[in-house]
Amino acid sequence: MDVMGDKATLFETGRFVQPSQQDEAGEVADDAAEEVRRRIAAEAGDIEAMSVLGAMLLRRGDLDGAEPHLRAATAAGDRAAANNLGVLLHQRGYADEAAGWWRIAAVAGSAAAAHALGRHHRERGDEPAAEYWLRQSAEQGHSLGAYALADLLEHRGDAGAERWMRAAAERGHREAAYRLARALDRRAADEEEAPASGPGADDGASLLGEAEQWYRQAAARGHRRAALHLGAILEKRGQLKEAGRWYLTSAKDGEARAACALGFLLRDAGDTESAAVWWLRAAQDGDGNAANALGALHAERGEPQTAERWYRAAMDAGDDNGAYNLGLLCAEQGRTAQAEQWYRRAAYAGHREAANALAILLLQGGDAAGAEPWFSKAAEAGSVDAAFNLGILFAGRGEESVALRWYERAAAAGHTEAALQVGIARLRHGDEPEAERHLRCAAGGGSAEAAYRLATVLDARRPPAPAHELGETVHEKTECEEWYERAAGQGHRRAQVRVGMLAAARGDVVEAARWYRQAAEAGSRNGAFNLGLLLAREGSEPEAAVWWTRAADAGHGRAALRLALVYARRGELAEGQRWADRAVSLGPGEVAERAARLRDALRQELSA
């Protein structure tokens, strides 16, 4: 990812020519000459020259030199001089006298003085007077006045604040642009969570688009937090290269969160070393998230001591994830007591996943009573895993209705295994439509068991398929077979057997054998038995006997009976009798009955 280049300066763009040392010297000489001209004019009684000269000296910090010129110009009625005299007196610490001169200048129409006077009144808690003068300044087009008025109104919760914040932003005030963007951003987020209705409702997308434009304006003027938020918007949209550039701009200006975010972008792009550099910079500036990222990086590298140090740094920075990650690290190392200690610390601070992990730790230690309240606390705080674990806990106690409520809660939040459990429960209760809905959710989430059970539900509904001879291939597949195949592809042995059976029913011997073999090799005795049947029909009885032996050894009664018949036909009566005995003990009933008759016949034959 190409995000590491430095942002071009104005001089580097070629739009501005960098002044030479001679140019700078010339400017200094011009300023000095201008000051001499103004001083001569002021001494000759020129009021404007007195005002300008006072302002020049004030900007330079020469308060003693500026004051007499400003007082003289003010006495002659120059409002700019009155405003600047107020600034000078405020810098000297004479706030009340400064306010008097600002009032004179503001009454004479100085927007800057009205702004300064409004700020003076606000600092003293006189909000009505502050609002009056700030409004005077803002209505004259003064950007600082508009921003200060917006800030005052926003503090009071006045709906008119946005109008003046927007006015200040439009006049180039970068902090106003940033705060306007933040307000629009928050409204867009609220709209996304709970869309408003009606003709006056805001559109979340348009709000976010406008927020982005204001972020851009503030960021272009060097506002580092605006650059951070702009980067976040672009990253969410997938424009990672531009997002990285804004993160870099913000990070170089000292924004630790931007350095951290840039680190994650680089890590996702595969540049872990550069990511670590930015995480280190952010962590040293007190960013707990970056410290956690460094801890995780060192843990992955097998450096637990360094990882622990960074997790502790994250915790010291006020990031509860630090304590949680310390718990995970200790648990991985088998330091259960310490893991519990860190989980508890994070859980008491409100970390829901730490509460869930603590509950699991207690449950593993046999303390189900102690685990339950932590599961509940985590689940109520929004932990989906905790809700699912509560379902398991109550199901283990036989409290099926309570367990189902927690499973449904977790399933509604997208928990795949919880959706499977709800589907199974609904099947038990005979609510097939609801069961199918949950099984589809779980199967779509990747659960092989859910895909298999959904397939069985659909399988039971489909009409009987016409019979086909082995070797006669039919390519049409039903939805249930597609779900069986999905489960089979994920290694579900019963699904593999069923896919093999459906393939055999279609006459696709090769496909059937492939699935039976996969199931058998994974330990399915039904797969081994069916593969044996297929091989026997194809004339490969010796190989079939190998698979039947595997199935019978795993407890398959029909496979034992088949072996008994094979050995009986071969004349190996004792071996046939042994497998017949095995089939009698394994069952089921009809198999045991047939095996008993065969065993008795073989016994008579042996004793004859």
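Residue numbers run from 1 in the order of the sequence given. Both backbone and side-chain heavy atoms feed into the values below; hydrogens, waters and symmetry mates do not. Predicted model only: the values in this text are computed from it and were never measured.
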Asker: Quick one, L533 and R562 - any side-chain contact, counting heavy atoms below 4.5 Å?
Answerer: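 In short, these two side chains touch, coming nearer than 4.5 Å.
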Asker: Checking side-chain contact (heavy atoms from CB on, under 4.5 Å) for the pair E242/L230: CA distance, chi angles, key distance, verdict?
Answerer: CA-CA 9 Å; E242 188 180 358; L230 178 57; 5.6 Å; no
Asker: Would you find a donor on one side and an acceptor on the other, under 3.5 Å apart, between the side chain of E432 and the backbone of V457?
Answerer: no
Asker: For R578, is there an ion pair with D581 - N to carboxylate O distance below 4.0 angstrom?
Answerer: no
Asker: Does some side-chain heavy atom of F375 sit less than 4.5 Å from a side-chain heavy atom of N356?
Answerer: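 Yes; the side chains approach each other to less than 4.5 Å.
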Asker: If you measure from the Lys or Arg side-chain nitrogens to the Asp or Glu carboxylate oxygens, is any gap between E485 and R514 under 4.0 Å?
Answerer: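 No, E485 and R514 are not salt-bridged.
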Asker: Taking R525 for its side chain and A554 for its backbone only, find out whether a donor-acceptor pair lies under 3.5 Å.
Answerer: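 Checked: pair present.
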Asker: If we only count heavy atoms from C-beta on, is the W548 to V566 side-chain gap below 4.5 Å?
Answerer: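 Yes; the side chains approach each other to less than 4.5 Å.
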Asker: So, the side chain of Y311 versus the backbone of A296: is there a donor-acceptor pair under 3.5 Å, distance only?
Answerer: yes
Asker: After noting the C-alpha distance and the side-chain angles of L390 and E372, does the key distance pass the side-chain contact (heavy atoms from CB on, under 4.5 Å) rule?
Answerer: CA-CA 7 Å; L390 271 174; E372 183 181 338; 4.3 Å; yes
Asker: Does a side-chain N-to-carboxylate-O contact under 4.0 Å join E340 and R344?
Answerer: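 Here E340 pairs with R344 in a salt bridge, since their nearest N and O are under 4.0 Å apart.
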Asker: CG of N389 to CD1 of I360: how many Å apart, nearest 0.5 Å?
Answerer: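 With rounding to 0.5 Å, CG (N389) is 4.5 Å from CD1 (I360).
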Asker: For the pair W483 and Y452, evaluate side-chain contact (heavy atoms from CB on, under 4.5 Å) and give the outcome as yes or no after the intermediate values.
Answerer: CA-CA 6 Å; W483 284 111; Y452 172 73; over 6 Å; no
Asker: Report the distance from atom CD of E273 to atom CG of L266, rounding to the nearest 0.5 Å.
Answerer: 11.5 Å
Asker: Would you say the side-chain atoms of R453 pair up with the backbone N or O of L439, donor to acceptor, closer than 3.5 Å?
Answerer: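 Looks like no, no N/O pair under 3.5 Å.
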Asker: Check whether any side-chain heavy atom of W579 lies under 4.5 Å from a side-chain heavy atom of L561, and answer yes or no.
Answerer: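 No. Closest side-chain heavy atoms not under 4.5 Å.
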Asker: Taking atom CG of L234 and atom OH of Y247, what is their separation to the nearest 0.5 Å?
Answerer: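 Answer rounded to 0.5 Å: 8.0 Å.
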Asker: I'd like to know whether E590 forms a salt bridge (charged side-chain N to carboxylate O under 4.0 Å, His left out) with R558, so could you lay out the CA-CA distance, the side-chain angles of the two residues, the decisive distance to 0.1 Å, and finally the verdict.
Answerer: CA-CA 10 Å; E590 60 181 52; R558 285 187 173 83; 3.1 Å; yes
Asker: Tell me the closest heavy-atom pair linking A580 and A564, and the distance in Å.
Answerer: N-CB, 3.6 Å
Asker: Walk me through whether D600 and R603 qualify under salt bridge (charged side-chain N to carboxylate O under 4.0 Å, His left out).
Answerer: CA-CA 5 Å; D600 293 341; R603 185 176 297 152; 3.7 Å; yes
Asker: Given E408, which partner from the list H438, R426, Q421 fulfils the side chain to side chain donor-acceptor pair (under 3.5 Å) test?
Answerer: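 Between E408 and the candidates, side chain to side chain donor-acceptor pair (under 3.5 Å) is satisfied uniquely by R426.
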Asker: Charged N to carboxylate O under 4.0 angstrom, R440 versus E479?
Answerer: yes
Asker: Measuring only between side-chain heavy atoms, which start at C-beta, is R461 closer than 4.5 Å to L458?
Answerer: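 Yes - at least one pair of side-chain heavy atoms lies under 4.5 Å apart.
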Asker: Regarding N292 and N325, do their side chains bring together a donor and an acceptor under 3.5 Å, going by distance alone?
Answerer: yes
Asker: Taking atom types as modelled, find out whether Q338 and W342 have a side-chain donor-acceptor pair closer than 3.5 angstrom.
Answerer: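 Side chains of Q338 and W342: no pair found under 3.5 Å.
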Asker: Rounded to the nearest 0.5 Å, what's the gap from CH2 on W547 to CZ on F529? Could you check?
Answerer: 14.5 Å
Asker: Could you give me the CA-CA distance, side-chain angles and deciding distance for F264 and W279, then say whether side-chain contact (heavy atoms from CB on, under 4.5 Å) is met?
Answerer: CA-CA 8 Å; F264 282 110; W279 283 334; 3.6 Å; yes
Asker: Can you name the one residue among E353, H351, R352 that meets side chain to side chain donor-acceptor pair (under 3.5 Å) with S383?
Answerer: E353
Asker: Give the minimum heavy-atom separation between A314 and G322, together with the two atoms involved.
Answerer: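 Where A314 meets G322 most closely, the heavy atoms are CB-CA, 4.1 Å.
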Asker: Salt bridge or not between E399 and R405? Use side-chain N to carboxylate O under 4.0 Å.
Answerer: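 So E399 does not pair with R405 through a salt bridge.
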Asker: Drop me the distance from E436's CD to L454's CG, to the nearest 0.5 angstrom.
Answerer: 6.0 Å
Asker: Looking only at non-hydrogen atoms, find the nearest pair between R582 and A560 and report the distance.
Answerer: CG-CB, 4.0 Å
Asker: I'd like to know whether R517 forms a salt bridge (charged side-chain N to carboxylate O under 4.0 Å, His left out) with E543, so could you lay out the CA-CA distance, the side-chain angles of the two residues, the decisive distance to 0.1 Å, and finally the verdict.
Answerer: CA-CA 12 Å; R517 191 177 298 277; E543 189 180 355; 3.6 Å; yes
Asker: Within this structure, what is the CG-CZ distance for the pair L420 and F388, rounded to the nearest 0.5 Å?
Answerer: 8.0 Å
Asker: Honestly, is R570 close enough over Y567, meaning NZ or CZ under 6.0 Å from the six-membered ring centre and within 45° of the axis?
Answerer: yes
Asker: Side chains of D459 and R498, heavy atoms from C-beta outward: is any pair under 4.5 Å?
Answerer: yes
Asker: One thing to verify: whether E300 and R267 come together as a salt bridge, which I'm taking to mean a side-chain N less than 4.0 angstrom from a carboxylate O.
Answerer: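 Salt bridge: no.
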Asker: Can you name the nearest heavy-atom pair linking A442 to A450, along with the distance?
Answerer: CB-CB, 3.4 Å
Asker: Indicate yes or no: at least one non-hydrogen side-chain atom of R494 is less than 4.5 angstrom from one of S524.
Answerer: no
Asker: Taking Q496 for its side chain and A488 for its backbone only, find out whether a donor-acceptor pair lies under 3.5 Å.
Answerer: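 Side chain of Q496 to backbone of A488: a pair is present.
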Asker: Grab the two heavy atoms, one from R493 and one from A522, that are nearest each other, plus how far apart they are.
Answerer: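 Distance-wise, the nearest heavy atoms are NH1-O, 3.1 Å.
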Asker: Does any N or O in the side chain of Y516 come within less than 3.5 Å of the main-chain N or O of M501, such that one atom is a donor and the other an acceptor?
Answerer: yes
Asker: Closest heavy-atom contact between A596 and V584?
Answerer: N-CG2, 3.5 Å
Asker: Do E400 and H429 make a side-chain contact, defined as non-hydrogen atoms from C-beta onward lying under 4.5 Å apart?
Answerer: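 Heavy-atom side-chain distance check fails, nothing below 4.5 Å.
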